[in-house]
Amino acid sequence: QERLEESGGGSVEAGGSLRLSCAASGIYFSSVCMGWFRQAPGKEREGVAIIASDGATTYAEAVKGRFAISKDNAQNTLYLQMNNLKPEDTAMYYCAAAYNDGGFCYNAPFRSWEYTYWGQGTQVTVSS
């Protein structure tokens with residue numbers, strides 16, 4: 001059974017750092033498009049960072065230069081290193097995965113409806 005489980009969220013002050021992890025099971029990890037999305041209260045879910053099966057990455061403009069996505073295929077784990085956090089980064093962060101049918105992972109990686117598997121989310125709160 002496919003499963004994604006996030007961890008690593010918490011509360012930090014602005015300028016701080018957090019590292020999110022997403023442990024995958026039942027998914028052929030090295031073949032999927034994986035990413036991090038977030039949703040703040042009252043806002044739509046938005047893409048944060050995506051990593052394709054070949055390691056190609058895409059970042060939302062709001063996090064470029066501050067966040068880094070990576071994965072460990074041997075450990076079936078996805079990571080999001082978040083530095084210089086800002087209050088506007090406060091949100092529930094979700095891990096997502098999908099087999100890259102049609103190439104969406106390169107052409108339109110932030111289309112959340114393309115992702116088949118989702119975790120339950122981990123809360124990140126940044127205070128000013």
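The first residue of the sequence shown is numbered 1, and numbering continues consecutively from there.
No more than 12 heavy atoms of other residues, nucleotides or ligands shown are found within 6.0 angstrom of CD on Q120.
Note: C33 SG to Y99 OH = 12.0 Å, rounded to the nearest 0.5 Å. The SG atom of C105 lies 5.0 Å from the OH atom of Y115; values are rounded to the nearest 0.5 Å. Residue M34 holds its CE atom at 9.5 Å from CD1 of I51, rounded to the nearest 0.5 Å. Here S21 contributes atom OG and K71 contributes atom NZ; the two are 15.5 Å apart, rounded to the nearest 0.5 Å. Taking CZ of R3 as the start and CG of N76 as the end, the distance is 13.5 Å to the nearest 0.5 Å.
Applying the salt bridge (Lys or Arg N to Asp or Glu O under 4.0 Å) test to every pair with at least one member in residues 74-93, sequence neighbours left out, gives these pairs: R38-D89, R66-D89.
Here the side chain of Y94 pairs no donor or acceptor atom with the backbone of G35 at under 3.5 angstrom. Remark: the backbone N or O of T122 is not paired with any side-chain donor or acceptor of E6 at under 3.5 angstrom. Under the 3.5 Å distance criterion, the side-chain polar atoms of T77 are left unmatched by any main-chain donor or acceptor of A23. Here the side chain of Y59 pairs a donor or acceptor atom with the backbone of I69 at under 3.5 angstrom.
Side-chain atoms of L4 and L78, non-hydrogen and from C-beta on, never get closer than 4.5 Å to each other. Residues M82 and W36 form no side-chain contact, since every pair of their non-hydrogen atoms from C-beta on lies 4.5 Å or further apart.
In the hydrophobic cluster analysis, where Ile, Leu, Val, Met, Phe, Trp and Tyr join through side-chain heavy atoms closer than 4.5 angstrom, I27 is grouped apart from Y79. V126 is connected to L20 through a chain of hydrophobic side-chain contacts under 4.5 Å among Ile, Leu, Val, Met, Phe, Trp and Tyr, so both are in one cluster. When the side chains of ILVMFWY residues are joined at heavy-atom separations under 4.5 Å, either directly or via intervening members, Y117 and V48 end up in a single hydrophobic cluster.
In this view, T57 satisfies the side-chain hydrogen bond (donor to acceptor under 3.5 Å, both in side chains) rule with no residue, not counting sequence neighbours. The side-chain hydrogen bond (donor to acceptor under 3.5 Å, both in side chains) check on R111 picks up E114, with sequence neighbours excluded. Qualifying side-chain contact (heavy atoms from CB on, under 4.5 Å) partners for S30, counting only residues two or more places apart in sequence or in other chains: Y28, N73. Scored by the side-chain hydrogen bond (donor to acceptor under 3.5 Å, both in side chains) test, Q1 finds no partners at all (sequence neighbours excluded). Residues passing the ring-ring contact (aromatic ring centres under 6.0 Å, His included) test with Y93, sequence neighbours excluded: none.
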Show, in sequence, the C-alpha distance, side-chain angles and deciding distance for L85 and E13, and conclude whether the side chain to side chain contact (heavy atoms under 4.5 Å, CB included) test is met.
CA-CA 8 Å; L85 282 160; E13 293 185 350; over 6 Å; no
Please test L18 against F67 for side chain to side chain contact (heavy atoms under 4.5 Å, CB included), starting from the C-alpha separation and ending with a verdict.
CA-CA 10 Å; L18 284 172; F67 290 12; over 6 Å; no
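In summary, of the residues considered (Y106, F110, F104), a side chain to side chain contact (heavy atoms under 4.5 Å, CB included) with I50 occurs for F110 alone.
When all heavy atoms are compared, the tightest approach of Q81 to S17 is NE2-CB, 4.0 Å. In this structure, S128 and P87 approach most closely via the heavy-atom pair CB-CG, 3.9 Å.
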